[in-house]
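Below: one structure, written as structure tokens.
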Amino acid sequence: MEISGTLEATFETKEFKSGFKKREFVINTGGDYPQSIKLEVVKDNIDKLDTIKTGTEITCKIDIRGRLYEGNYYNNILAWAVNVGGAKTEKADSPKAESDLPF
């Protein structure tokens, strides 16, 4: 899945006793009904957020994760790729029109 918007806020990196690190940030989706959505990054993407200024348009490839812990359900949105600007699209080869066929 992908989500695009403007980087609204970036928070400090959290490090846990296990050595695991994560960093949370918020993007605003804009449009008629803008939403401020908190996502998180881990590993190499933590440092990538340092280079992106608040107000920059970004696109994130995401996974939604959920878990049960001590009787409560929790959801996280993990951004595993963060790109500055709009979504990158790959141009697929278009099929030939009938008039282009050799027979």
Side-chain angles (χ1 to χ4, degrees):
M1 296 174 69
E2 281 188 354
I3 188 167
S4 297
T6 303
L7 182 62
E8 190 171 286
T10 304
F11 303 104
E12 294 296 318
T13 301
K14 295 179 184 177
E15 187 168 357
F16 300 90
K17 291 180 184 179
S18 64
F20 176 76
K21 294 179 187 180
K22 74 174 185 177
R23 188 169 186 185
E24 297 175 328
F25 65 102
V26 176
I27 65 170
N28 187 303
T29 59
D32 291 339
Y33 303 101
Q35 300 291 311
S36 294
I37 300 173
K38 184 171 70 170
L39 299 95
E40 60 185 41
V41 291
V42 296
K43 299 182 182 179
D44 297 339
N45 285 319
I46 290 174
D47 295 332
K48 188 170 187 176
L49 283 180
D50 287 332
T51 63
I52 304 172
K53 294 181 181 181
T54 302
T56 303
E57 289 289 323
I58 60 173
T59 299
C60 302
K61 294 187 183 217
I62 62 170
D63 287 330
I64 299 174
R65 297 185 175 183
R67 67 185 175 289
L68 173 64
Y69 178 72
E70 295 183 359
N72 293 309
Y73 290 92
Y74 297 91
N75 296 314
N76 296 76
I77 304 173
L78 177 68
W80 51 270
V82 179
N83 297 305
V84 174
K88 295 181 179 179
T89 57
E90 294 180 21
K91 185 178 178 183
D93 290 334
S94 59
K96 291 186 173 191
E98 286 186 33
S99 62
D100 292 342
L101 294 175
F103 51 87

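The first residue in the sequence is number 1, and the count goes up from there. Just so it is clear, the structure is predicted and the values come from calculations on it, not from any experiment.
Hydrophobic clustering, defined by side-chain heavy atoms of Ile, Leu, Val, Met, Phe, Trp and Tyr closer than 4.5 Å, groups Phe16 together with Phe20, Val42, Leu78. Chaining together hydrophobic side chains whose heavy atoms lie under 4.5 Å apart places Tyr69 alongside Tyr74. Hydrophobic cluster of Val26: the remaining members, joined at side-chain heavy-atom separations below 4.5 Å, are Phe11, listed by chain and number.
With sequence neighbours excluded, the residues satisfying salt bridge (charged side-chain N to carboxylate O under 4.0 Å, His left out) with Glu24 are Lys14, Lys22, Lys38. Legend: residues meeting side chain to side chain donor-acceptor pair (under 3.5 Å) with Asp50, ordered by chain and number and at least two apart, are Arg23. By the side chain to side chain donor-acceptor pair (under 3.5 Å) test, Asn76 is found to be paired with Glu40, Arg67, residues two or more places apart in sequence or in another chain being considered. Scanning for side chain to side chain donor-acceptor pair (under 3.5 Å) contacts around Thr6 gives Glu57, with sequence neighbours left out. The side chain to side chain donor-acceptor pair (under 3.5 Å) test applied to Gln35 returns no partner, not counting sequence neighbours. Asp63 is linked by a side-chain contact (heavy atoms from CB on, under 4.5 Å) to Arg65, Trp80, counting only residues two or more places apart in sequence or in another chain.
Each of Asn83, Ile3, Leu39, Ile52 was compared with Ile58 under the side chain to side chain contact (heavy atoms under 4.5 Å, CB included) criterion, and only Ile52 meets it.
Within a 6.0 Å radius of CG in Asp44, no more than 12 heavy atoms belonging to other residues, nucleotides or ligands are found.
Of the inter-residue distances, the one linking Asn28 atom CG with Glu8 atom CD reads 4.5 Å to the nearest 0.5 angstrom. Leu7 CG to Thr54 OG1: the interatomic distance, rounded to the nearest 0.5 Å, is 5.0 Å. Here Phe25 contributes atom CZ and Ile46 contributes atom CD1; the two are 11.0 Å apart, rounded to the nearest 0.5 Å. One finds the OG1 atom of Thr13 at 8.0 Å from the CG atom of Leu49 (value rounded to the nearest 0.5 Å).
Scanning both residues, Ile27 and Gly5, for their nearest heavy atoms gives CD1-N, 4.2 Å.
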Stepwise side chain to side chain contact (heavy atoms under 4.5 Å, CB included) check, Val41 with Lys48: CA-CA 9 Å; Val41 291; Lys48 188 170 187 176; over 6 Å; no

